[in-house]
Every structure is written in C-alpha cells, then in structure tokens.
Novice: 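Let me give you the structure first, and then I'll get to my questions.
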Amino acid sequence: MRKFLAIVLLLILAVGIAQSIGKIPFGTSKTKVGRYYIDNGVEETGATNIVTSVVVNYRGFDTLGEVTVLFVAALGLGAVLALKKKKQENDELERASLVLTSGCKFLFPFILLFGSYIFIHGHLTPGGGFQGGAVIASAFLLIYLGCRERKINENGAKAIESLSGLLFVVIGLIGLAVGGYFLLNYLPKGIPNTLFSAGIIPIIYIAIGFKVGAELTGIIDNLMEAED
Amino acid sequence: MVNPVLLIAVPLGLAFSIPLFGFISRRIEKYIPVAGMLFNLVLSIILVPKVLQSPIVISIGGFRPPFCINLVAGTVGVFLSVVIAAMGFLVSIYSLSYIKEGATEKYHMLFLLLLTGATGVVLTGDIFNLFVFYEILCISSYALVAYPGSREGIEAGVKYLIQGALGSSLVLIAIALIYGQFGTLNMADIARNISSIHSMNIFLPFVLLIGGLGIEAAIFPLNAWLPDAHSSAPSSISAILSGIAIKIGVYAIARMVFTVFGISDTFLFLVTLGLITLLVGELSAFKQQNIKRMLAYSSIGQIGLIVFALGIATPGGVAGGLFQILSHALSKGLLFLAVGYMIYRTGSMEISSLAGMGKRMPFTSLAFTVGAFSLVGLPPFIGFSSKFMVIKAAMAKGSAIFVVLAALVLFAAIIEGAYFFRVVQIIYFKKSDNALKREEAPPTAIIPIAILVTLIIVIGIYPNFLIGLLNSAGSEFLNRVQYIRGVLG
Amino acid sequence: MILVVILIVLMLVAAVAAAIFKDLLSAVIASCIVSLIAAILFYFLQAPDVAMAEASIGAALVTAVFVIALKKSSRYEE
C-alpha cells in the first residue's frame, strides 16, 4: 500500500514537472548571452575553442570557484581520513603479475602525454584543464593499481596543488593591478589558432590541469591508504 | 580604489598557500586564517561608507555585465561580509589553541575556505557564481563537521553531506531551468526579464531554489541534519556554522525572493514558515539534555525569527532581520565558544555536568550568561534591540494577523528564556560533587570571548549608530528596480 | 537519430539496474555504463568538452573510487 501511494505521488510530481519543463525552449538559438559569445568570442579572447573562452575568460571567476570546490572536496577527504591512515606495512601486499606491471608502466607516459596535450591545447581543441587533469589522474590510478609498491610524493603533490592555485589567483590579481579588472586578459592575444595565442587562457588552463591532476590523484591516494 | 573582489581573492590565495607556509614552518600556518580574516574585516569596514552612497558594481574579466560575472557590493552584501569577517577573525583566534588534534593544517585551510565561500555568496551578482560559492561553503562545512573523526562526527557529517548534496542538486537543476528560459545567468538581467515569462514556467525553478537553499538555511521541514551536525562539530566550527553558514542560506533565499523573482505573494508564506520554524526549534531545544544540541535547536528557532522578519518585507522588517542576523551571530558564537571550553574541562556535553562552572570558570560562565540573556532578548544586550526592531516592524504592518504572529514570537522568547535560565541556574547554583579548582580557559579563548561580550553590550546600549546602516540596507534589499539599474545601467 | 534513442534506452536500463542490484560491484559497473553512454550522448549533442570530462571523471575515476571503497567495506548489500 505504501509503495503504491509512493508511486502515485511520484507520478503526480513527474507530470507536474514535465508540464513545467515541456514549455522551456532548450537548445533554441535565442539565448542571448550564448549568441554574444559565439559572435564575439574569438575576437575578444583570442581562443578558437568558444567553450574555453567562456570557461576561462568570460566566466573565469566561476572556474576559480570550481577549482576551489574540487580542492575543498579533496582536502575534506584528506582531513577525515588523516586519522585513519594505515601504518606502513607493505609486506602484506601481493605483487601484481609481470604482464600487468609492465603494461601499466608502458602506458603511463603515453596517458600523461595525452593529458598534457589536452590541457595545453585547451584554447584550440576540445578539452582543457579539467579534462586533462582527470586524464593525468587516471594515469596515476593505473600505476596505483598495477604497480602497488610505487607511491607518489605527497609533499610534491601538495606543492603543485598550492602553487597552481596560487598562480591562478595571482594572474587574476595582476589583471586587477594592470587594467582594473580581476582576471583581465592582459597578455597579447596573438594570432588565433596558434599555440601561443589567447593571452592568459593557456597559462590558466595549464595551472588548472596541474591542480586538478594533483587533487584527483590525492583523492585516490588518500582512499587507497585508508584503513579497511 | 578598494575593490570588493579582494575580499574573495585574497583569502582564497592565502588558503591555497597555507601548505607552502607549512613547508617553511608548521607553526605559521594557523595564523594565516587570522591574517586573512583581519584583512577582510578591515577592507569591508573601509567599504561601508562607500557603499552607503551607492552600491559598487564590478565586472570580472573586463566585459560588460550580462556577459561576464559581476559582483554587487551593496549595503546588504558589505554588512554581511563585515559580520562574516568579524566572526571569522574571532573564531580563528579561538582555534589557535582549541584545535590541537588531527590534520590541523587541513582544518585551517577548510576554515578559511568556508568563510571565503560565505563572502562570495553575499557579494556575487550572478546566480551560477552564487551556486559555486555556496558549494565551497557547504563542502567545507561537511568536512569540518566530520573533522574530529569520532563515530558521531562522521555520521553527522555524512548525514549533512547527503541532505546538503540533495539541496545543491535541486539548486543546480533550478539554475539550468532558469538559464534555459532566460539565456542569461546574471541576477539583474533575469530580474528584468522575469515578468515576460509566464508565471507557470518560473514556478518550478522557484520551488527548487527555495527547497535547495532551504536545506542549508535549515528552515523547518528541511532541518533534520542541523542538530547532529552542529553538536558533533568542534565548538569553533559550531560557532561558525550557527553564526554564519545557515544565515548564508537565508540570505540566498531572500535574494531570490526579493531581487530575482520579486514575487510578493510568497511573503506571507515566508512569515508562516519562519514562525513554524521558530516554534519547532524552541520547543525542541526546551527538551534537550545535551548543551550543544540545545544550542543547535535554538539556532533553528532563531533562523525562523530571521525568516519571519525578512518575510514582513517592509524596510523596517528587513532591517530587523539583518540586525537579528548580526545579533544571533554574535550571541550564538559567544555561547558556542564559551561552551567549547566548558565541555573540554568537564569532558561531557550533559547540561547537568556543568554544575559548579560558575566557580570553576567564572569568566567563561559570565560570558555564557551574557550570550544567553542576549539571545533571549533581555536589555541591555544586543538581542533586545534586534528583537524589538522585528516586533516593531511586525506591529507597524498594522493588520490583526501580524499582531497575533508577533505575540507568538514573544511566546517563543519565553520558552527560550525558560531553557536558558535553567542552564544558567545549573552553572551558578547547583552544587557540584567534584573539587572546585579554578581552571580558566587559555588567553586565545578569553580574548575573542571578551571581544564578543563587549560587542554585545556596546551595540545593545548604543544601537543607534547601526540603525542608519541597517535601514539603508533594508530599503536597498527590497528595491529591485534600483538593483537592476545599478548593474545593467 | 535511431542510435541516440537506443543509447538513451540502454542508459535508462543501466540506471535502473544500478539502483536495484544487490551486488554492489555490479551496481558500480552499471553506473559506470551510465556515465559512458552519457559521454557518448554528449558527443552526439556536439559537446565534446563535456564528453571528455564525463568519460574521464564519470566513467574512470568515480568508478575507481567506488571500487576502492567497496574493497574496504563489503561487496553485498544487507
């Protein structure tokens, strides 16, 4: 009876929501902010990937916030798991087979290279700091799974996280000092569609790539080391 | 020129650099939040006279407002950022010696980021940016609630995480629906175009937004997480969560109702909701035997009072609500900070175990009494002035229903008085079995507590220098047209 | 177009399966499939940036985090 009632209530709710959503014209080209970005994005920011110009330049402040959200999540996990960290007892670990270990070691540099390519070319091709960082973190995940005796240098990861976050804020503050606007794109925009173009966008995306990579790797590291 | 974006960028940069300071010396890192919040406090106070003349609107990235993110530092925003920075500063001093165990470096980073998120929410003029800062605030509070690593702490943290994440996803869906209809995320731009859309189509996003933000604000049916979270967190964090975090949720709801949607039909709904929250909170607090749970339920009640005051929707009512935000932040902050060391000394959260505290920790007990009396609304403390302002605004509304509602608010104050007097009586007059030795809290706790006591008494006696600021904030909060014109020109 | 419809149906099936499986490892794999199909759908909707993020985070990292968590607790729902 309770289940039946729940289903009926859910159906009523679903109909109500569908009524309301059905009237919203998603995907039509009337969105005025979007139209502006498509028309003026390349000219104003120098990035040929419009998504990147929006993410890093027009709405760069959101991106700073999002990087912080990820940072806070990784930090919070670290703070909670810090009390439950396992003592260093590596002898219980069973070594992985040779095929697995060499396969992981072989793939690792290529995945790293692919990740770096994604965030360095963020202003030219699809992808960017978040995606590149996630790909890099998955390379480290592979190492964690395949070669279990390898460990990342925690202080190094911490330093990369802090420095890249700081770099983002400092680039923004320089913009405030130079032109009066936080995160102003004050570097020369260059010729669109070349690697050295779009001013501060590639620099910020590289910082994000490092930061996201280090944070996600940190999350996996914390989880793997936590007590059972 | 002083730019409000520094209020967000500088603490954020400092929070990122805490590990780097940690490489130099592990002893510096705990002073970084103190420095960051002092910077924010000074900067916000400098901004106050400027925003009283006209709100400062700044765009980020150097584009025109609807196409970029803009900050709107109006009187409301700067007033709240002063409150956040002041509480953050005092509590960060308190944390210097209170937080000893666990990953202290991570505690200080999370603490600073929590306050940065709160500052971002009150200053931003963009609905998605508001969501991002709101997430920073929420996620750092989940982590800080679970920080002690005890079983109850982690359980409360996970409970808070699940409910909070549900709320955040509702807000995100609402923002997507709004963007789908208006093609813009700028709050002023949405507010300008809201009347061109059929009201049926904005009903769903509106409900989702109020529901989602209401979870963080702990408004009545959505407050299940609060008592556990506020009572299991370290006391310094309870002070910030009660004093700052839940108010940010209320601010966000008020911003949506007053500015973005501007629906006056919802005001009576808010008043009723606030009153129910007030009564439920106070009645539940009355039954508690655990001192921190009692304070947590009392926070729910006070949030109800703030929502009630904002729902009156006259400049006087909104000013009263903002005053109540300040008064509750100071009083409840003081109570949690004082209780923190009492619990630390006795090792128990039971109210009965506080017996004899009046002799054992005389100053802390005195501070607790001041905070409790202020919260109940006794003169000459700040709580009296703020409650008086709210009641006055409700009476000025002139209709019979508001007189009844104001009477109910006074009734809630009586319940509040009953449970706080009981605690004060136990602290001072109940005989304790243990040998009484004076063990006062350390100076890093005494200083913020003393500052809070002074503020509560001074503002309570001379509220007039704040009233002008509050009234201007109240009328600014309700004036949609001016907000839209200020941002979009 | 027909491919998109098939993918959406598969995604719904995987989502429901993730909710009802008692074996949590299977549920995790099912939710991984949801993410993977979402990534493909994003690609068809001309959002390659989102597709990349969804594939690397949703399908790879989140699944790994869940599997690690399962390894440290128990595999079956009580």
Side-chain angles (χ1 to χ4, degrees), chain A residues 16-17 19-21 23-28 30-37 40 44 57-66 68-69 71-73 75-84 155 158-159 161-166 168-170 172-173 175-176 179-186, chain B residues 1 3 5-6 8-10 12-13 15-20 22-23 58-63 66-69 101-103 106-107 109-110 113 116-117 120 126 128-129 132-133 135-136 139-140 142-144 146-147 149 154 157 177 179-186 189 198 200-201 203-204:
Chain A
I17 292 175
Q19 284 285 323
S20 182
I21 290 184
K23 296 205 183 76
I24 296 175
F26 281 113
T28 51
K30 73 157 201 168
T31 56
K32 64 174 188 189
V33 178
R35 175 53 49 199
Y36 175 87
Y37 293 147
N40 304 307
E44 281 188 359
N57 212 191
Y58 290 108
R59 303 191 65 85
F61 203 50
D62 272 350
T63 308
L64 180 57
E66 275 149 27
T68 315
V69 168
F71 181 67
V72 169
L75 204 61
L77 190 74
V80 175
L81 291 180
L83 302 161
K84 306 205 174 294
N155 278 339
K158 225 159 63 174
E161 250 177 72
S162 297
L163 282 174
S164 47
L166 206 57
F168 197 155
V169 176
V170 167
L173 287 176
L176 186 64
Y181 292 103
F182 189 72
L183 283 174
L184 178 73
N185 196 346
Y186 48 86
Chain B
M1 191 202 137
N3 198 319
V5 77
L6 291 175
I8 299 165
V10 170
L12 208 56
F16 286 148
S17 59
I18 285 179
L20 300 177
F23 287 137
I58 51 164
S59 48
I60 288 162
F63 304 99
F67 304 113
C68 70
I69 292 167
E101 284 150 14
K106 295 195 168 73
Y107 169 89
M109 285 158 93
L110 287 168
L113 287 168
T116 314
D126 186 283
F128 188 74
N129 199 231
V132 169
F133 282 114
E135 276 292 274
I136 296 179
I139 297 179
S140 39
Y142 310 147
L144 285 170
Y147 177 79
I154 290 179
L177 293 178
Y179 183 72
Q181 298 184 62
F182 296 96
T184 176
L185 291 166
N186 186 293
D189 208 15
H198 191 266
M200 183 62 206
N201 290 6
F203 177 70
L204 183 65

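Sequence lines set the chain letters: A, B, ... in the order given, protein chains first and strands last, and positions in each chain run from 1.
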Novice: Using a 4.5 angstrom heavy-atom cutoff, name the option from B:L144, B:V10, B:L113 with the most pairs to chain A.
Specialist: B:L113
Novice: Which atom names give the shortest non-hydrogen contact between A:A159 and B:F23, and what distance separates them?
Specialist: CB-CE1, 3.9 Å
Novice: Any idea which heavy atoms bring A:V80 and B:A146 closest together, and the distance?
Specialist: CG2-CB, 3.8 Å
Novice: Top residue by heavy-atom pair count (under 4.5 Å) with chain A, among B:D189, B:L204, B:N129, B:V132?
Specialist: B:N129
Novice: Taking the ring of A:F61 and the ring of B:F133, is the distance between their centroids below 6.0 Å?
Specialist: yes
Novice: Check A:A79 against B:Y147 and note the closest heavy-atom contact, atom names and distance.
Specialist: CB-CD1, 4.2 Å
Novice: Which atom names give the shortest non-hydrogen contact between B:K106 and A:L75, and what distance separates them?
Specialist: CD-O, 3.6 Å
Novice: Given a strict heavy-atom distance threshold of 4.5 Å, which part of A:N155 is in contact with chain B: side chain, backbone, both, or neither?
Specialist: both
Novice: Any heavy-atom pair between the side chains of B:I58 and A:F182 that's under 4.5 Å?
Specialist: no
Novice: Between A:S162 and B:L20, which heavy-atom pair has the shortest distance, and what is it?
Specialist: CB-CG, 3.7 Å
Novice: Relative to chain B, which segment of A:Y37 carries a heavy atom at a distance below 4.5 Å: side chain, backbone, both, or neither?
Specialist: side chain
Novice: Nearest 0.5 Å, what's the CG-CD1 distance between B:L177 and A:I17?
Specialist: 9.0 Å
Novice: Specify whether A:Y36 and B:F67 have parallel, tilted or perpendicular ring planes, treating 30° as the upper limit for parallel and 60° as the lower limit for perpendicular.
Specialist: parallel
Novice: For the CZ atom on B:F203, are there more than 12 heavy atoms of other groups (residues, nucleotides or ligands in this structure) within a distance under 6.0 Å?
Specialist: no
Novice: According to side chain to side chain contact (heavy atoms under 4.5 Å, CB included), who are the partners of A:L176, at least two apart in sequence or on a separate chain?
Specialist: A:L173, B:N3, B:V5, B:L6
Novice: Which bit of A:F71 comes within less than 4.5 Å of chain B, counting heavy atoms only: side chain, backbone, both or neither?
Specialist: side chain
Novice: Taking only residues two or more places apart in sequence or in another chain, which ones pass side chain to side chain contact (heavy atoms under 4.5 Å, CB included) with B:S140?
Specialist: A:V72, B:L110, B:L114
Novice: Side chain, backbone, both or neither: which part of B:S59 has an atom under 4.5 Å from a heavy atom of chain A?
Specialist: both
Novice: Where does B:I8 contact chain A at under 4.5 Å (heavy atoms): side chain, backbone, both or neither?
Specialist: side chain
Novice: Can you tell me how far apart CD1 (B:I139) and OG1 (A:T68) are? Round to the nearest 0.5 Å.
Specialist: 10.5 Å
Novice: Please classify the contact of B:L185 with chain A as side chain, backbone, both or neither, using a heavy-atom distance under 4.5 Å.
Specialist: side chain
